[in-house]
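Worksheet for the structure shown next.
Chain naming here is simple, since letters A, B, ... match the order of the sequence lines and numbering starts at 1 in each.
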Protein chains: 2
Amino acid sequence: MNETVVRKVPRRADAQHNYEVILVATRAAVAEHGGDIVLEDIARNAGVGIGTLYRHFPTRLELLEAAYLDEALELRKRADDLTTALAPLDALIAWLRLQMVFGAHGRSMGAAIMNAKHTEGTEIQIACVNMREAGAVLLRRAQDAGEVRSDVEIVDLLRLMHGIVIANEQAPDQSRVTPMFDVVIAGIRT
Amino acid sequence: MNETVVRKVPRRADAQHNYEVILVATRAAVAEHGGDIVLEDIARNAGVGIGTLYRHFPTRLELLEAAYLDEALELRKRADDLTTALAPLDALIAWLRLQMVFGAHGRSMGAAIMNAKHTEGTEIQIACVNMREAGAVLLRRAQDAGEVRSDVEIVDLLRLMHGIVIANEQAPDQSRVTPMFDVVIAGIRT
DNA sequence: ATACTATACGGAGGTTGCCTCCGGTTGCAA
DNA sequence: TTGCAACCGGAGGCAACCTCCGTATAGTAT
């Protein structure tokens, strides 16, 4: 994981290990049950006490944030890659579709976290800002190419993707996701 | 309220009264705290026991559904009114905007319920179907006038409105709602 | 090796909200 | 007035959350 980060007081080996084990268990739980995970189950699956879980992640949100850090990093990287791989509009579209895929996979909690504003300076907050920034570059590129309306902002698009995911979440039928996505894409073109 | 409906076995007077009082308390609570209401609080505010609440509304969902019945009826009526009052595209746009207003007011639970599929034959289910139907008429009218793409369905639009509302829900800044709405509208035009 | 201590562990238990169940109450028809 | 079906209310069992503190141990200093 990406917890090789420098810390003022380095963690003890056992603490570091537990931290990672908890994260693994969390990701597994989220992939299976979505955002409404039971913290005690996660602790048990990770083989640690509930107290240990709460010490590392005082808040449910902090736990989920940590679990999604990788996704934020990944999405940022994908944006960078797409910038050089595809034409402006195609790159933007591809990245937005990725946002939906990642969001849907994490049962929308991911999307919710990606769009949320976090306490300044957090690792995840920085990762999210970077991700948004990379997306903004894609957007601006398409706008400069004259293919996307200039009054659209990156947050609009992220929230729309997020909205599509959660609006379709409890629907057994996912077949309308693509049409909805197409509507949004058509709506941002010049 | 609209509980003057015929019942095979008419309710006793006290039961009918409690039913209505509970609904009033529920609407107040939802307007204030959104979907995450505390059922015991509602019962207390309504001046009834928790058991009484559960007898009338065995499920949290059923309670919320009942509380939103009025909105569904209202939205259906508005659709009918708009059909005769405005030009096809304008009418559709106005109605979609209403969907957002209603949804945002009810803290998005409303939108969630409106879009949800319910157990067949429920009063709210019928009301929702009627509302969707009325919206579909507006949409078809705009499509027949050649102003809206023919591959768009009414559920797409309802879900997109719903998505916009909840995606912006926790954002302190609601200023991006209109731009997002505009993107969608631009996206459905021919 | 040994001792020392800051760091970390774990789970018992208090709290809150959900929901069920049933003894007691009451509207209403006869 | 009486009888009873319909209804009321809240005690209590359960599930999940979160805190607190006595115990254990990794890492360091000697």
Side-chain angles (χ1 to χ4, degrees), chain A residues 1 3-30 32-67 107 109 112-113 119, chain B residues 1 3-30 32-67 107 109 112-113 119:
Chain A
M1 315 294 77
E3 221 16 55
T4 33
V5 180
V6 219
R7 297 170 52 84
K8 25 195 177 181
V9 174
R11 251 197 277 260
R12 242 169 59 173
D14 52 350
Q16 175 66 26
H17 174 253
N18 281 337
Y19 182 97
E20 284 163 11
V21 166
I22 290 171
L23 234 39
V24 169
T26 302
R27 276 192 267 264
V30 167
E32 188 169 359
H33 304 108
D36 55 347
I37 47 179
V38 178
L39 299 194
E40 324 234 43
D41 286 356
I42 291 183
R44 186 154 24 77
N45 287 339
V48 304
I50 184 66
T52 301
L53 187 149
Y54 273 98
R55 194 168 333 98
H56 286 297
F57 307 99
T59 289
R60 166 184 292 262
L61 182 63
E62 285 180 61
L63 176 60
L64 289 169
E65 281 179 353
R107 299 289 209 295
M109 262 318 294
I113 287 174
T119 45
Chain B
M1 311 302 74
E3 220 19 54
T4 33
V5 181
V6 218
R7 297 170 51 84
K8 27 193 174 179
V9 174
R11 252 197 277 261
R12 244 170 58 175
D14 53 348
Q16 175 67 26
H17 174 252
N18 282 338
Y19 181 97
E20 283 164 11
V21 166
I22 291 172
L23 272 186
V24 169
T26 302
R27 277 192 267 263
V30 167
E32 189 169 359
H33 304 107
D36 53 347
I37 47 179
V38 178
L39 299 195
E40 324 233 44
D41 288 354
I42 290 183
R44 185 152 25 74
N45 288 339
V48 304
I50 184 67
T52 301
L53 188 149
Y54 272 97
R55 194 169 331 98
H56 285 297
F57 308 99
T59 289
R60 164 183 293 263
L61 182 62
E62 285 179 60
L63 176 59
L64 289 170
E65 281 178 353
R107 298 289 209 296
M109 261 319 293
I113 287 175
T119 45

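For the atom pair A/L64 CG and A/I37 CD1, the distance stands at 4.5 Å (nearest 0.5 Å). The distance from the CZ atom of B/R44 to the CD atom of B/E40 is 8.0 Å, given to the nearest 0.5 Å. To the nearest 0.5 Å, atom CZ of residue A/R55 and atom CD1 of residue A/I50 are 11.0 Å apart. Distance check: A/L53 CG to A/D41 CG gives 11.0 Å after rounding to the nearest 0.5 Å. Atom CZ of B/F57 is separated from atom CG of B/L39 by 11.0 Å, given to the nearest 0.5 angstrom.
Look at CD on A/E62: it is 11 Å from P on D/dC18, rounded to the nearest Å. The CZ-P distance, from B/F57 to D/dC8, rounds to 11 Å in whole Å. Residue A/Y54 contributes atom OH, which lies 15 Å from atom C1' of C/dA12 at whole-angstrom precision. When the C1' atom of D/dC17 is taken as reference, atom CG of A/D36 falls 14 Å away, rounded to whole Å. Rounded to an integer number of Å, the gap from CG of B/L63 to C1' of C/dC19 is 14 Å.
A close approach under 4.0 Å does not occur between any side-chain nitrogen or oxygen of A/R11 and OP1 or OP2 of C/dA8. Taking 4.0 angstrom as the limit, B/N18 places a side-chain polar atom (N or O) nearer than this to OP1 or OP2 of D/dC8. Note on A/H56: every side-chain N or O is 4.0 Å or more away from OP1 and OP2 of C/dA8.
Comparing A/G51 and A/V38 by the nucleotide of DNA chain D that holds the closest heavy atom to each, the one mapping nearer the 5' end is A/V38. Comparing B/D14 and B/R55 against DNA chain C, the residue whose closest nucleotide sits nearer the 5' end is B/R55.
The residue A/H17 sits apart from the nucleic acid: no heavy atom pair falls under 4.0 Å. As judged by a 4.0 angstrom heavy-atom cut-off over every strand, B/I37 is placed among residues touching the sugar-phosphate backbone only. Residue-level contact check: B/R60 touches the backbone only, with heavy atoms under 4.0 Å from sugar-phosphate atoms and none from bases.
A heavy atom closer than 4.0 Å to some atom of DNA chain D occurs in B/V48, B/G49, B/I50, these being the qualifying members of residues 39-50 of chain B.
Nearest heavy atom pair, residue B/H56 against residue B/N18, reads NE2-CB, 4.2 Å. Nearest heavy-atom pair, B/A46 versus B/A25, reported as atom, atom and distance to 0.1 Å: CB-CB, 3.9 Å.
Comparing atom distances between the A/T52 side chain and each of C/dT20, D/dG9, C/dC9 picks out C/dC9 as nearest. When distances run from any side-chain atom of A/R12 to the nucleotides C/dC9, C/dG17, C/dT7, the shortest one goes to C/dT7.
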